[in-house]
Amino acid sequence: MPAPDDDHVTLWRELRSWPRTVQYGAAGLALAMIGATFALAPLHSPDFPGRSAWPEGELPQHVESEPTTDTPEAASDLPAGISLYGGEPDWVAENDEDTAQIAHIDQGELHRTDGKLELQKDGTVVWSYTWEEFGPEIGIGEDVVVISKSPDDFTDDDYEWPGREDTVALDLDTGEEVWHDQEASFVSVFSDAVLMTECTGKQENHIGDCTLYARHPTDLRTLWSVPTYASAQAETGSSWTGTPLPERLLVASYPTGHSSRTVTVYEHGRALTSVATHGKTTLAGDTLVVYDDYDDNPADGCTASLAGHRFGQTDPAWQIEAMTRKTADYTYCGSLPASGEVDGKLPLTIDGVPSIVDLETGESIFEALTEGQALAIDPEATTLIVLDWDAGEDTLAAYDTATGTERWRASTAFGSGDRATVIGSTLWLYGDAGMWGWSSYTVYAYDLATGEGVALPGTVAYFLPGQIVTDTGDYDETILKAWPADLW
């Protein structure tokens with residue numbers, strides 16, 4: 001299963017598709033919520049006794065508690081059979097800037113923080129680039145790094161949908177400007193192409209008001225172009241450290257503004273299919289899968305809706321309802337633990353049964369002989385990982401999809417909003433520490449062949465090619481540690 005996109009990059013990509021006034025309002029609200037969270041946490045963090053200790057008809061009194069940490073400091077804090085990882089990190093970096101990210105490239109260390117990008121080598125800053133706007137699109141393409149943001153002199157009075165970005169390419173060796181563009185309304189950066197939309201007219205649901213260009217990252221020569229709607233941007237994610245443009249590309253366009261959304265599949269600039277939707281999307285062969293795993297009413301069960309749209313067909317070829325888990329206090333619903341397909345297959349829970357669904361047909365091709373939640377499958381779809389809700393201690397189980405037999409069991413701690421990712425022979429289970437809420441933060445790795453498990457310190461910050469990066473610092477101090485993404 002492919003490594004997930006960095007949460008910050010995904011969030012900003014979505015936010016940047018909204019009008020500027022909405023962007024600033026949402027960003028301000030987010031910062032206020034985060035500030036309130038950290039301000040209130042020390043003031044209101046009671047530790048209530050167990051329900052069995054309450055006198056009948058009374059509420060528990062406030063009990064002062066000692067500060068705790070989300071990261072296990074000793075083996076006794078871990079689930080049974082799980083040990084602390086004994087290997088050394090590939091690299092460690094400390095930074096007092098929040099949301100810092102570091103990538104090791106041929107030229108040195110590329111440091112990305114909120115407002116600055118700089119190249120360091122042997123502890124010395126080679127070059128730096130700063131900006132004032134939040135959430136720029138950044139990506140490495142061949143020998144340049146491309147940065148796309150709102151113009152520094154932007155004001156609300158200047159804005160007209162879909163707006164234009166200030167995009168610059170810097171030489172990775174020197175930091176000098178290679179090219180500069182101020183015509184594109186939205187920019188997505190891949191290692192071998194920069195997607196740019198240039199618009200004219202009012203974009204009132206007329207195709208051709210805008211043109212989507214795929215251009216070479218080093219010199220902006222056009223690789224291909226296609227007429228599209230306003231504010232078209234790539235839905236297919238790309239790591240800021242550089243990911244090639246996929247052969248089949250998901251592109252979202254907004255025919256009448258940010259409230260409308262159409263997702264189109266392009267292959268070398270040729271449209272294969274389009275679906276009007278506000279749901280999330282993924283590809284499985286010749287099928288565009290649309291899904292919505294947000295459910296705000298756990299009272300009637302937590303579900304995710306999925307539909308498969310075959311190329312060339314108007315109506316969905318199939319529709320299914322998958323189950324997600326409620327939180328421990330039964331107040332919220334979690335999301336799908338894995339949403340990236342593997343060879344056209346996706347682990348889903350259907351009617352309480354962990355299953356593997358063929359996304360071309362919408363049919364279950366394997367069902368585990370237990371109730372629980374489907375978490376992940378290996379790259380060959382020969383193993384289904386299941387969370388067995390009623391198994392007691394050893395809740396994590398692996399099933400052979402050819403024989404249906406159980407391969408191994410292990411202990412784990414997995415919340416309703418946690419994530420599951422398979423990289424090579426390693427299963428990663430970790431908390432979803434997104435901007436809009438908090439979850440468990442412990443990072444566990446399991447050998448897909450044996451079930452042997454280890455824990456890493458900190459929270460998952462982001463994934464790099466061949467590495468998983470954790471943050472072991474406090475919320476106002478970043479201590480990044482990179483580990484091998486495949487431990488077995």
Side-chain angles (χ1 to χ4, degrees), residues 1 277 279-282 284-285 287-310 315-378 381-392 394-410 412-422 427 429 432 439:
M1 185 172 297
T277 178
K280 305 171 187 177
T281 54
T282 189
T287 302
L288 175 62
V289 180
V290 177
Y291 67 98
D292 180 2
D293 59 356
Y294 176 73
D295 187 343
D296 61 355
N297 183 19
D300 59 357
C302 295
T303 59
S305 302
L306 296 96
H309 298 261
R310 295 208 180 102
D315 297 326
W318 55 263
Q319 293 177 293
I320 57 176
E321 294 287 330
M323 295 177 62
T324 59
R325 288 181 65 198
K326 300 177 183 179
T327 55
D329 58 3
Y330 302 104
T331 56
Y332 298 99
C333 293
S335 57
L336 292 174
S339 56
E341 56 86 27
V342 178
D343 194 25
K345 303 173 181 62
L346 186 67
L348 295 171
T349 305
I350 309 298
D351 296 329
V353 178
S355 308
I356 298 178
V357 174
D358 184 337
L359 296 181
E360 289 275 4
T361 64
E363 298 178 353
S364 296
I365 59 175
F366 175 78
E367 297 180 351
L369 299 177
T370 184
E371 292 187 350
Q373 185 176 26
L375 297 186
I377 53 178
D378 67 323
T382 59
T383 304
L384 172 65
I385 306 299
V386 170
L387 191 68
D388 191 337
W389 295 328
D390 300 321
D394 293 334
T395 56
L396 191 66
Y399 287 89
D400 187 313
T401 59
T403 64
T405 58
E406 182 181 298
R407 288 182 172 176
W408 50 259
R409 278 188 175 268
T412 194
F414 192 86
S416 60
D418 289 354
R419 308 294 297 168
T421 296
V422 170
L427 166 70
L429 303 181
D432 182 16
S439 186

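- Counting heavy atoms from C-beta on, the side chains of V357 and L306 never come closer than 4.5 Å.
- L427 CG to D378 CG: the interatomic distance, rounded to the nearest 0.5 Å, is 10.5 Å.
- The shortest distance between side-chain heavy atoms of E341 and V289 does not fall below 4.5 Å.
- Identified under the disulfide bond (SG atoms under 2.5 Å apart) test for residues 329-371, with sequence neighbours left out: C302-C333.
- Formation of a donor-acceptor pair under 3.5 Å by the T412 side chain with backbone atoms of F414 is not found in this model.
- Within the 4.5 Å cutoff, side-chain heavy atoms of L375 are placed close to those of L387.
- Summarising the geometry of T370 relative to P354, their closest heavy-atom pair is O-CD, 3.0 Å, with the distance given to 0.1 Å.
- Of all non-hydrogen atoms in A284 and G344, the two that sit nearest each other are CB-CA, 3.9 Å.
- When the shell of 6.0 Å around CG of D351 is examined, it contains 12 or fewer heavy atoms from other residues, nucleotides or ligands.
- Between T331 atom OG1 and K326 atom NZ the span is 10.5 Å, to the nearest 0.5 Å.
- Partners of D394 by side-chain contact (heavy atoms from CB on, under 4.5 Å), not counting sequence neighbours, listed by chain and number: R409, S411.
- Nearest heavy-atom pair, E367 versus S355, reported as atom, atom and distance to 0.1 Å: CG-OG, 3.6 Å.
- Shortest non-hydrogen contact noted between A381 and K345 is CB-CD, 3.8 Å.
- Qualifying side-chain contact (heavy atoms from CB on, under 4.5 Å) partners for T303, counting only residues two or more places apart in sequence or in other chains: D295, E321.
- Taking K280 as the reference, D293 meet the salt bridge (charged side-chain N to carboxylate O under 4.0 Å, His left out) condition, with sequence neighbours excluded.
- At a threshold of 4.5 Å between non-hydrogen side-chain atoms, the residues L346 and T282 do not count as touching.
- More than 12 heavy atoms of other residues, nucleotides or ligands shown are found within 6.0 angstrom of CD on E406.
- For F366, the side-chain contact (heavy atoms from CB on, under 4.5 Å) criterion is met by I356, A368, L384, Y399, T401, not counting sequence neighbours.
- Side chain of R310 to backbone of L288: no donor-acceptor contact under 3.5 angstrom is found.
- With sequence neighbours excluded, no residue forms a side-chain contact (heavy atoms from CB on, under 4.5 Å) with L369.
- No side-chain donor-acceptor contact under 3.5 Å links Q373 and T349.
- Contact annotation: the side chain of D418 never approaches that of L429 to less than 4.5 Å [non-hydrogen atoms, C-beta and beyond].
- Atom CH2 in W408 sits 13.0 Å away from atom CG in D400 (nearest 0.5 Å).
- Summarising the geometry of Y291 relative to L336, their closest heavy-atom pair is CD1-CD1, 4.0 Å, with the distance given to 0.1 Å.
- In this structure, the separation between NE2 on H309 and OG1 on T281 is 10.5 Å, given to the nearest 0.5 Å.
- In this structure, OG1 in T383 is found 9.5 Å from CD1 in I377, a value given to the nearest 0.5 Å.
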